[in-house]
Amino acid sequence: MAHTCRGTINLSTAHIDTEDSCNIVLSNGGRTYHLKANSEVERQRWVTALELAKAKAIRMRNNQSVRQERAARPLKTLSSKLEDLSTCNELIAKHGAALQRSLSELESLRLPADSGEKIKAVNERATLFRITSNAMINACRDFLDLAESHSRKWQRLLQHEREQRIRLEETIEQLAKQHNSLERACRGAPGLASGTASISSTAKGSVQSAKGEASDEDEETEYFDAMEDAPAFITVTADPKHHRRSGSNLSGASEGHPEDWNLEDSVFESSNQSSYNESTGKDLLPRKRRRSRIPDKPNYSLNLWSIMKNCIGKELSKIPMPVNFNEPLSMLQRLTEDLEYHELLDKAVKCESSTEQMCFVAAFSVSSYSTTVHRTAKPFNPLLGETYELDRLEELGFRSLCEQVSHHPPAAAHHVYSRRGWTLWQEITIASKFRGKYLSIMPLGAIHLEFHSSGNHYVWRKVTSTVHNIIVGKLWIDQSGEIEIVNHKSKDKCQLKFTPYSYFSRDVPRKVTGVVSDAEGRAHYVMSGTWDEKMECSKIVHSSHGSTSTEGKQKTVYQTLSPKVLWRKYPLPENAENMYFFSELALTLNEPEERVAPTDSRLRPDQRLMESGRWDEANVEKQRLEEKQRAVRRRREAEAVEALEEGKDYEGYIPLWFERKVDAVTGELICVYKGGYWEAKDKQDWSACPDIF
């Protein structure tokens, strides 16, 4: 394969040598790379792998030469035959002319009469032969001219195909390098940087990841540019007057009567009136005036390959990813941003019916994705032990705390308490897979929500987020998959389907549909809307089985009352496109506050520098923080080895404000809040906090 990228080495002509027990030397002409492994065993594995790759490269080069020779052989044979035909043509013309001269000379001699007649007959036949030969010669000459012109054309086409193949190979090589670097980027810069300080172990992990990706590609690929699945149910809006006159037409699938669905008595009535800028709690203080803008995003151009080529020769674990890929918020702050529409849960507290309450919980689960539609930049990966608090107890009635409890894999624990009667907690681990043109981000972990008065305990999980056009084009985000929300007390369920975008679909993009059903499986409400704009709820008054689809599945027809809007997205602030498309809440998340813990994300220096537009300084500071975290990890690993040698147990890193427990509902081991943070804040006693910044 041709190599035009700066810093590449052609393995087929490379020389592989070993300096000592851990070092490997790769040389090719004037370029030499020195690689270092962790141990002699690791070095030998890499030498073996490189030798095998070199042998494969040599075979590929030889095979390529053979293929080129085979492709050119028919043209050479044709050219040779054309030359032979041209020679024969010339010989026929030459000998024909000589025969004609000889016969003319014989005819001029004085011979007997009978001999003269015979010579005259031969001369006539020779003339016919000459005419025929001339015709054949002209035809051969035309064929030769045509064959030569086509031969030159074929040669040009073959040369063009060779050049195209070489350019394609060069492009694929560059894309492969960018794919590799982007796969590391999607895992997060700290996740890359805090690995072992050896090129061999890091690269080995990348190889293992690639193998795993190949093995489950068919299982987890979810996006197809084809017609979308037909909906499992059909909704028909009923006439509310007709159903008020007669309740006998109601199906058993409906809870209560249509008269219950009225704007005056229902909790749904206030759903359309809420906004982020209003407060309905009488026991809450007036809101503190918070910032409504941040410095505009600098217009820095970014070339991924220019970044990666400058890292050639460095250890992989020490290659920093620049802040150009980020937005000035941490993952902990993005997790807290899910609370932007917390008033949906405040309304859910007032619901007397568990299925009606489920509608608000479902709308809340969808609302957390509304901020992602334009947010293509990645948040900062939190440092181990980093925290983030959002104390809005006096203004909005809730207080939230997040802590980064694990770094490999990256995991964050989150706990929210509300005075208005609900508590939310979760532990989220981010898994990602790079699939060429797009990046799949899969949040792992369950979200728990409990209402204090009723004891209703809801559990659900997030869907897959996909970032498209990673290599070429404008980045855009899509959400796809299904969410099953389960009330573990009443056994009510809500199935929500996030329809992936399809070019051929006639549906609205970013569509979300679902049905709320009780423990017996009877449907009560239909949920519909989009995850970037609004969610509506329609009460079911009658259900029946409709026609059978082409796949043999029978559709259910739900007759519903007119829908009510439960949630609508707040408009973005003015000039949001120059402020990373932050919402009103997002603009306040990194606002400096007093009395927070020294590990709070607001105090992270590289993030603060990026928000101020000083990206070069932010990159330097980011590299310092990552190196500091790596040093702490190496010290922790050394302590673990020392404890193992002494026969002692080593617990490893222990979160400060959360502890691992088995969840009684799901049976999973998760991090739950153990208390103490808000008490420490009241006392301003942060002595237990680590020095991470």
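Sequential numbering from 1 along the given sequence is applied to the chain's residues.
In this model, no donor atom of one side chain and acceptor atom of the other lie less than 3.5 Å apart for Gln629 and Glu386. Thr371 and Glu340 form no side-chain donor-acceptor contact under 3.5 Å, judged by distance and modelled atom types alone. Side-chain contact, Gln479 with Ser465: a donor N or O sits under 3.5 Å from an acceptor N or O. No side-chain donor from either of Arg392 and His342 sits under 3.5 Å from a side-chain acceptor of the other.
For the pair Ile692 and Leu625, the tightest heavy-atom approach, listed with the atom from each and the gap, is O-CD2, 3.8 Å.
Each of Arg291, Lys297, Arg293 was scored for a salt bridge (charged side-chain N to carboxylate O under 4.0 Å, His left out) with Glu611, with one residue passing: Arg291. Each of His374, Lys569, Arg510 was scored for a side chain to side chain donor-acceptor pair (under 3.5 Å) with Asp532, with one residue passing: Arg510.
The side-chain heavy atoms of Leu383 and Arg604, taken from C-beta on, include a pair separated by under 4.5 Å. Using a 4.5 Å heavy-atom cutoff, the side chains of Trp657 and Cys689 are in contact. For the pair Ser330/Gln404, no side-chain contact is recorded, criterion being any heavy-atom separation below 4.5 Å from C-beta on. Two residues are said to be in side-chain contact when any heavy atoms from C-beta on lie closer than 4.5 Å; Arg399 and Glu389 fail this criterion. Between Tyr570 and Ser370, every side-chain heavy-atom pair lies at or beyond the 4.5 Å cut-off. Within the 4.5 Å cutoff, side-chain heavy atoms of Leu566 are placed close to those of Cys359.
Judged by a 6.0 Å distance limit and a 45° cone about the ring axis, Lys462 is positioned over the six-membered ring of Tyr369.
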Is there a salt bridge (Lys or Arg N to Asp or Glu O under 4.0 Å) between Arg419 and Glu394 once you walk through the steps?
CA-CA 9 Å; Arg419 280 182 180 174; Glu394 301 301 329; 3.0 Å; yes

Between Glu679 and Lys683, is a salt bridge (Lys or Arg N to Asp or Glu O under 4.0 Å) present by the stated rule, with each step listed?
CA-CA 6 Å; Glu679 292 79 6; Lys683 299 176 183 177; over 6 Å; no

Go through it in stages, so that I can follow the logic: the residues are Arg614 and Glu621, the test is salt bridge (Lys or Arg N to Asp or Glu O under 4.0 Å), and I'd like the CA-CA distance, side-chain angles, deciding distance and then a yes or no.
CA-CA 11 Å; Arg614 299 152 64 184; Glu621 191 63 25; over 6 Å; no

Assess whether salt bridge (Lys or Arg N to Asp or Glu O under 4.0 Å) is satisfied between Lys347 and Glu343, documenting all intermediate values.
CA-CA 6 Å; Lys347 293 184 178 71; Glu343 69 273 2; 5.4 Å; no

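A donor-acceptor pair is defined here as one N or O able to donate and one able to accept, closer than 3.5 Å; such a pair exists between the side chain of Glu403 and the backbone of Leu656. Side-chain atoms of Trp615 come within 3.5 Å of backbone atoms of Met610 as a donor-acceptor pair (strictly under, hydrogens ignored). Of the possible donor and acceptor atoms, one in the side chain of Ser418 sits under 3.5 Å from a partner among the backbone N and O of Arg420.
Atom CD1 of Ile428 is separated from atom SG of Cys671 by 12.0 Å, given to the nearest 0.5 angstrom. Trp678 CH2 to Leu401 CG: the interatomic distance, rounded to the nearest 0.5 Å, is 6.0 Å. Rounding to the nearest 0.5 Å places CZ of Arg602 at 7.5 Å from CG of Asn590. Separating the OG atom in Ser400 from the NE2 atom in His415 is a distance of 9.5 Å, to the nearest 0.5 Å. Distance NZ/Lys511 to OG/Ser480: 15.0 Å, rounded to 0.5 Å.
Annotation: Trp686 is in aromatic contact with Tyr677 [ring centroid separation under 6.0 Å].
The number of heavy-atom neighbours closer than 6.0 Å to CD of Glu574, taken from other residues, nucleotides and ligands shown, is 12 or below.
Tyr458 pairs by the ring pair (Phe, Tyr, Trp, His ring centres under 6.0 Å) definition with Phe451, not counting sequence neighbours. Here Leu603 pairs with Val596, Phe693 under the side chain to side chain contact (heavy atoms under 4.5 Å, CB included) rule; sequence neighbours left out. Applying the salt bridge (charged side-chain N to carboxylate O under 4.0 Å, His left out) rule to Asp682 yields no partners; only residues at least two apart in sequence or on another chain are considered.
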